[in-house]
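First up is the structure itself, then whatever we jot down about it.
Note that the structure is predicted; figures quoted are calculated from it, not measured.
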Amino acid sequence: MSTVPQPLASVLPCPLIDRAGPFDPYRVRADFPVLKQSVCGKPLVYLDNAATAQKPRVVIDTLQRYYACENANIHRGVHHLSQIATDAYEGARTRVRHFLNAAQDREIIFVRGTTEGINLVAQTWGRQQVGEGDEILISAMEHHSNIVPWQILCEEKGAKLCVIPINDRGELMLDEYEKRLNGRTRLVSVAHVSNALGTLNPVREIVDLAHRWGVPVLVDGAQAVPHLKVDVRELDCDFYIFSGHKLYGPTGIGVLYGKADLLASMPPYHGGGNMIKSVTFEKTTYADLPNKFEAGTPPIAGGIGLGAAINYLNQVGLDRAAVYEEDLLSCATEALSRIPGLSIIGTAPRKVSVLSFVIEDIHPHDIGTVLDQEGVAVRAGHHCAQPVMQHFGVPATTRAATAFYNTPEDLDALVRGLHKAIEVFR
């Protein structure tokens, strides 16, 4: 990495501060081919990173090389290509283990994404451990994927889904959380970072309080791992789940981390090849971890591509990038706060990447349309977090979510586009 970013464009009110050491977003940006294009005759400004992140050239090349030169099924073949593919896939598992600081490779289960990982825990551990009258505790800021699986389980088991409230800044209310923990609580499942608000939750404190009751904690890390260094052993969470496509990796791949003793106690999620030791018509003996949870042909290319994305992030320096992103978010927050009629939804002091907002008398979809015509890609809607929208009394928000390849000029384009939307619809 080279130098600090260039000066901010004139619309933005604050300079970026170099607290992280040399970090050059312009150099990093050059690694992402998609960012070189134009949309509606304007340079692409991609601010929909909370939905999916763009892919660096090294990930794209890794996928191309696998399909062009190394494509084979894994674990079962003795031929050369199978061995190469198996080594690459299992090597990616090891890289994920180091990335999360998990204790063992067998604690890393490859899944299709965060949604499947949460469903896996709900339908295996949950069906074993949750019974009539029990309670599952989630927060009011959760993504639908961390609500619906628990609702399905509770309906099946006669259990109760309990909710930790949030305040008007979008912070989880820890005193109310502590009050809701009791002898009937079987699981706490919370987001590390809210996809709709950007709130960074105090996960270690949440885990410590739950563990006092002997309650395991699942953390939805989909929005956290692209922006924070995550250490699952330091957090002491029991499950941690994320999606590869938000981590600059391929779609269709994700990771479920679980403590080995918990995973070993859980029944399989899917049945089929690769997750067995032996099969007869009378009895099947299941494979050891992690294979027990990876039935059939896994997402081989996705796993290898995720490993390449993690290698890339290690080279970029996630810690330095995170500080740059923090400054970028601070500048964007200040700039948007100066726009007449604009209200930011979610003003917690500890936030990551996400700015959700509404503008008086303009629908978020209309804002998104005008921004698109200016080449600025944002998300408009409820962000699969309808209870959050209900809490704040809005049907939807416009969401701009930054990544380390975003630049001050990107924020400048966003601000100009918002002023244009105001002119068009007022």
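Ring orientation note: the planes of F404 and Y312 are tilted relative to one another, at an angle of 30° to 60°. Aromatic ring orientation, F239 versus W125: perpendicular (interplanar angle above 60°, classes split at 30° and 60°). In this pair, Y405 and Y46 present their aromatic rings tilted. The plane angle is within the 30 to 60° band. Relative ring orientation between Y89 and H75 is described as perpendicular, the plane-to-plane angle rising above 60° on a 0-90° scale split at 30° and 60°.
One finds a salt bridge joining R204 and D208 here, because a Lys/Arg side-chain nitrogen approaches an Asp/Glu carboxylate oxygen to under 4.0 Å. Between E294 and R93, at least one side-chain nitrogen of the basic residue sits less than 4.0 Å from a carboxylate oxygen of the acidic one, meeting the salt-bridge criterion. One finds a salt bridge joining D48 and R399 here, because a Lys/Arg side-chain nitrogen approaches an Asp/Glu carboxylate oxygen to under 4.0 Å. Using a 4.0 Å cut-off between charged side-chain N and carboxylate O, K420 and E374 make a salt bridge. Between R180 and E135 there is no salt bridge, since no side-chain N of the basic residue sits under 4.0 Å from a carboxylate O of the acidic one. D61 and R65 are not joined by a salt bridge, as no carboxylate oxygen comes within less than 4.0 angstrom of a charged side-chain nitrogen. We find that K259 and D236 are joined by a salt bridge, their nearest charged nitrogen and carboxylate oxygen being less than 4.0 Å apart.
Here CD of E116 is found 11.0 Å from CD1 of I109. Values are rounded to the nearest 0.5 Å. Here the CD1 atom belonging to I367 is positioned 6.5 Å from the CG atom belonging to L418, to the nearest 0.5 angstrom. For the atom pair CE (M389) and NE2 (H382), the distance works out to 9.0 Å, reported to the nearest 0.5 Å. Between the CG atom in L137 and the CG atom in L218 there is a gap of 12.5 Å [rounded to 0.5 Å]. Within the model, atoms CD1 of I206 and OG of S189 stand 10.5 Å from one another, a figure rounded to the nearest 0.5 Å. Rounding to the nearest 0.5 angstrom, the gap separating the CZ atom in R379 from the SG atom in C384 is 8.5 Å.
Inter-residue side-chain proximity for W150 and L187 is flagged as met; some heavy-atom pair is nearer than 4.5 Å. Side-chain contact check for H192 versus L235: some heavy-atom pair is nearer than 4.5 Å. Looking at heavy atoms from C-beta onward, N49 lies in side-chain contact with N406 at the 4.5 angstrom threshold. At least one side-chain heavy atom of Q151 sits less than 4.5 Å from a side-chain heavy atom of V148. With a 4.5 Å cut-off on side-chain heavy atoms, V188 and L181 count as touching. Looking at V370 and F425, their side chains come closer than 4.5 Å, going by heavy atoms from C-beta outward. No side-chain heavy atom of C331 sits less than 4.5 Å from a side-chain heavy atom of D327. The shortest side-chain heavy-atom distance between E234 and N101 does not fall under the 4.5 Å cut-off.
When all heavy atoms of I422 and P340 are compared, the pair lying nearest together is CD1-O, 3.9 Å. Taking each heavy atom of L172 and S139 in turn, the nearest pair found is CD1-CB, 3.8 Å. Here the closest non-hydrogen pair linking P56 and Y248 is CD-O, 3.3 Å. Nearest heavy-atom pair across R186 and P216 is O-CD, 3.4 Å. Pairing each heavy atom of E171 with each of A348, the nearest pair is CG-CB, 3.5 Å. Nearest approach of P299 to I253, heavy atoms of both residues: CG-CD1, 3.5 Å.
Side-chain N or O atoms of S337 include one that pairs as donor or acceptor with a backbone N or O of T333 at under 3.5 Å. Within the 3.5 Å criterion, the main-chain N or O of K277 finds no donor-acceptor partner in the side chain of T285. With K229 contributing its side chain and A322 its backbone, the two residues share no donor-acceptor pair below 3.5 Å. In this structure a side-chain-to-backbone donor-acceptor pair under 3.5 Å is present from S356 to A196. In this structure, the side chain of T251 does not engage the main chain of H245 through any donor-acceptor pair within 3.5 Å. Within the 3.5 Å criterion, the main-chain N or O of V217 finds a donor-acceptor partner in the side chain of D238. One N or O on the side chain of H363 and one on the backbone of H365 form a donor-acceptor pair closer than 3.5 Å. Q37 places a side-chain N or O within 3.5 Å of a backbone atom of V34 that can act as its donor or acceptor partner. Proximity of a side-chain donor or acceptor of K55 to a complementary backbone N or O of G249 within less than 3.5 Å is detected. Using a distance-only test at 3.5 Å, with no hydrogens or angles considered, a donor-acceptor pair links the side chain of K246 to the main chain of A51.
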Open item on the list: Determine whether R212 and E178 satisfy the following criterion, side chain to side chain contact (heavy atoms under 4.5 Å, CB included), listing intermediate values before the conclusion.
Closed with: CA-CA 10 Å; R212 291 178 193 175; E178 193 166 4; 4.1 Å; yes

Open item on the list: Could you walk me through whether S194 and V354 satisfy the side chain to side chain contact (heavy atoms under 4.5 Å, CB included) test, starting with their C-alpha distance in whole Å, then the side-chain angles of each, then the deciding distance to 0.1 Å, before giving a yes or no?
Closed with: CA-CA 8 Å; S194 164; V354 170; over 6 Å; no

TODO: Take V111 and L120, measure what side chain to side chain contact (heavy atoms under 4.5 Å, CB included) needs, and give me the verdict at the end.
DONE: CA-CA 9 Å; V111 290; L120 189 159; 4.0 Å; yes

TODO: Tell me, with the steps shown, if T402 and L411 meet side chain to side chain contact (heavy atoms under 4.5 Å, CB included).
DONE: CA-CA 9 Å; T402 57; L411 302 187; 4.3 Å; yes

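Around the CD atom of E132, the shell of radius 6.0 Å holds no more than 12 heavy atoms that belong to other residues, nucleotides or ligands. Counting non-hydrogen atoms of other residues, nucleotides and ligands closer than 6.0 Å to CD of Q128 gives a total above 12. Counted within 6.0 Å of CZ on R112, heavy atoms from surrounding residues, nucleotides or ligands total 12 or fewer; the atom is thus considered open. Atom NZ of K42 is surrounded by more than 12 heavy atoms from other residues, nucleotides or ligands within 6.0 Å. With a 6.0 Å radius and a threshold of 12 heavy atoms from other residues, nucleotides or ligands, K157 has its NZ atom above the threshold.
Checking each of V190, V163, I118 against E142 for a side chain to side chain contact (heavy atoms under 4.5 Å, CB included) leaves exactly one that passes, namely V190.
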